[in-house]
Protein chains: 2
Amino acid sequence: MARSTARAAAAKREQILEAAILRFGRQSYEDTSLRAIAADVGIDVAHVHRSFGSKELLFADAVRATTRPERFLGGPPGLLAARLSAEILVRQAMHDNGEVGPLDILMRSLSSREASRILHDSTLADFIEPISKMTYPSSARRASMIAAVLLGIGVLRDILRIEPLLDTEDGEIQQLTIQLLKVLIGDRPHDVAAGAAEGDNR
Amino acid sequence: MARSTARAAAAKREQILEAAILRFGRQSYEDTSLRAIAADVGIDVAHVHRSFGSKELLFADAVRATTRPERFLGGPPGLLAARLSAEILVRQAMHDNGEVGPLDILMRSLSSREASRILHDSTLADFIEPISKMTYPSSARRASMIAAVLLGIGVLRDILRIEPLLDTEDGEIQQLTIQLLKVLIGDRPHDVAAGAAEGDNR
DNA sequence: GATTTAGCGCAACGCGTGTTGACTAATTTT
DNA sequence: AAAATTAGTCAACACGCGTTGCGCTAAATC
């Protein structure tokens, strides 16, 4: 065998991306080899490489595919803290289902030199920038601090596997996280429950 | 030349460790090669390797040498938040002086598979455990969350170089950080200023 | 149906890594 | 002063990596 139909080829490209996402969601950029991804799909390394141009481009595509800001951007701003903390803490469940969340890839490849430029850009554009508009006062700094809190918790839990953070059955961690986020999000002056009425440009 | 005196050899071992600390404080475990460290000291790779047994052991020694919990453990508990936030934010200055702080190595090699076991143990023993005793209520979870906040800020600033966090001239970031830490440290019931009087076993 | 195109595998290149064995020369030890 | 130990080098090994040239074959295109 040597060639498949055009549509089948596109589907295979998708399979490669899927396999890459799973790998990058579990291991660092360096620990993930194109050969392993190829083996997952059952094809040759060369094909993986050529389908995306380079390892770095494949990684960038994987990051792009798992970044879905809508997840936490929708809904009333009053519940932003709750939604963000859920995003971090629910991931355990996703992980077991083989899903890869937006923060997974970021966390695993933080300290990779080649990956960090891509991660920088994605973090800034897809998280900090949109979140900026949801703090009061609107502030890229507060948004960055929010990212810091979420990332820090994620890293300690999922990368370093610090035991005290692993058990989330009771809601203590979630409760603390929400408290922290609320400090950073700040209070809108007239934000009781109707919330999203004033000066909100979404 | 081929051999030096016993004391000179011990000094050279110290030089190797020093060079390793500088490297590990700037680059990830993977990006730091024994050859580079050897070149810094002006000796052969083999000698670096044999002096410490393996790259992993050298790394462990570097972590141990830069971990000095006394830095933030001393002093009245009421000022803990301020001291911890300073530890994170002052690092810019240290960095320029060629010093390597306790968090630098941790941050840089977070996502390295080989390094993570060492980092896990060090974080737990040298940070979370002692900090646990300084929260109210005393809690490993709160201590872990403190570590998460500090690490998150450090990572976003120094690894991802997220711009909004780079400028710390005005005190906003520090102020926000202190607010967050205070939430996690909690309030001792009768802690006004005399502070360290009651039930404190230090 | 002939010709061009493109999916895909095979094999190899070049590079950088941690690690090891052999060897040398100088310092300790006896 | 002889013998044993050891700091240190040189060269090489084995491995894994991303990447690339080449060729084959089936699908597109005409």
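We name chains A, B, ... by the order of the sequence lines, and we start the count at 1 in each one.
- The phosphate of D:dG16 has neither OP1 nor OP2 within less than 4.0 Å of any side-chain N or O from A:S33.
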Might you list the N or O atoms of the protein lying below 3.5 Å from N or O atoms in nucleotides 20-22 of chain C, with each pair's distance?
unit_1: C:dG21; atom_1: N7; unit_2: B:R50; atom_2: NH2; d: 3.3
unit_1: C:dG21; atom_1: O6; unit_2: B:R50; atom_2: NH2; d: 2.4
unit_1: C:dA22; atom_1: N6; unit_2: B:R50; atom_2: NH2; d: 3.4

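- Taking the side chain of B:H47 as heavy atoms from C-beta on, and the options D:dT9, C:dC8, D:dT5, the nearest nucleotide is D:dT9.
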- Task: Evaluate the criterion side chain to side chain contact (heavy atoms under 4.5 Å, CB included) for residue pair B:E163 and A:H120; output intermediate values, then yes/no.
- Result: CA-CA 10 Å; B:E163 288 79 359; A:H120 165 102; 3.3 Å; yes
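- Between B:E56 atom CD and C:dT17 atom P there is a gap of 18 Å when expressed in whole angstrom units.
- When the nucleotides C:dG9, D:dT9, C:dA26 are ranked by their closest atom to the side chain of B:R3, C:dA26 comes out on top.
- Side chain of A:T135 to backbone of A:S139: a donor-acceptor contact under 3.5 angstrom is found.
- The distance from the OG1 atom of B:T177 to the CG atom of B:L150 is 8.0 Å, given to the nearest 0.5 Å.
- Looking only at side-chain heavy atoms (C-beta outward), B:L106 and A:L160 come within less than 4.5 Å of each other.
- Among the heavy atoms of the strands lying under 4.0 Å from A:S54 are primed sugar atoms or P, OP1, OP2 only; no base atom is included.
- Atom-to-atom, NZ of A:K55 to P of D:dG16 comes out at 15 Å; the value is rounded to the nearest Å.
- Listed by residue number, A:A9, A:K12 are the residues of residues 5-26 of chain A with a heavy-atom contact under 4.0 Å to DNA chain C.
- Straight-line distance from the CG atom of A:D31 to the P atom of C:dT17: 16 Å, rounded to whole Å.
- When atom types are taken as modelled, the side chain of B:R161 and the backbone of B:L166 share no donor-acceptor pair closer than 3.5 angstrom.
- A sub-4.0 Å separation between OP1 or OP2 of D:dG8 and a side-chain N or O of B:S4 is present.
- Rounded to a whole Å, the CG atom of A:L34 is 14 Å from the P atom of C:dG9.
- In this structure, B:E114 atom CD and C:dG18 atom C1' are separated by 9 Å, rounded to whole Å.
- One interatomic measurement links the two molecules: CD of A:E30 to C1' of D:dG16, which rounds to 13 Å at whole-angstrom precision.
- Spacing between atom CG of B:L58 and atom P of C:dT17 amounts to 15 Å, rounded to whole angstrom units.
- By the 30° and 60° cut-offs, the orientation of the rings of A:F127 relative to A:F72 is tilted.
- Side chain to side chain, B:S111 and A:S111 meet the donor-acceptor criterion of an N or O pair below 3.5 Å.
- Applying the 3.5 Å distance criterion, the base of D:dG18 shares a donor-acceptor pair with the side chain of A:R35.
- Under the 3.5 Å distance criterion, the side-chain polar atoms of B:S116 are matched with a main-chain donor or acceptor of B:R113.
- B:R13 places a side-chain N or O within 3.5 Å of a backbone atom of B:S51 that can act as its donor or acceptor partner.
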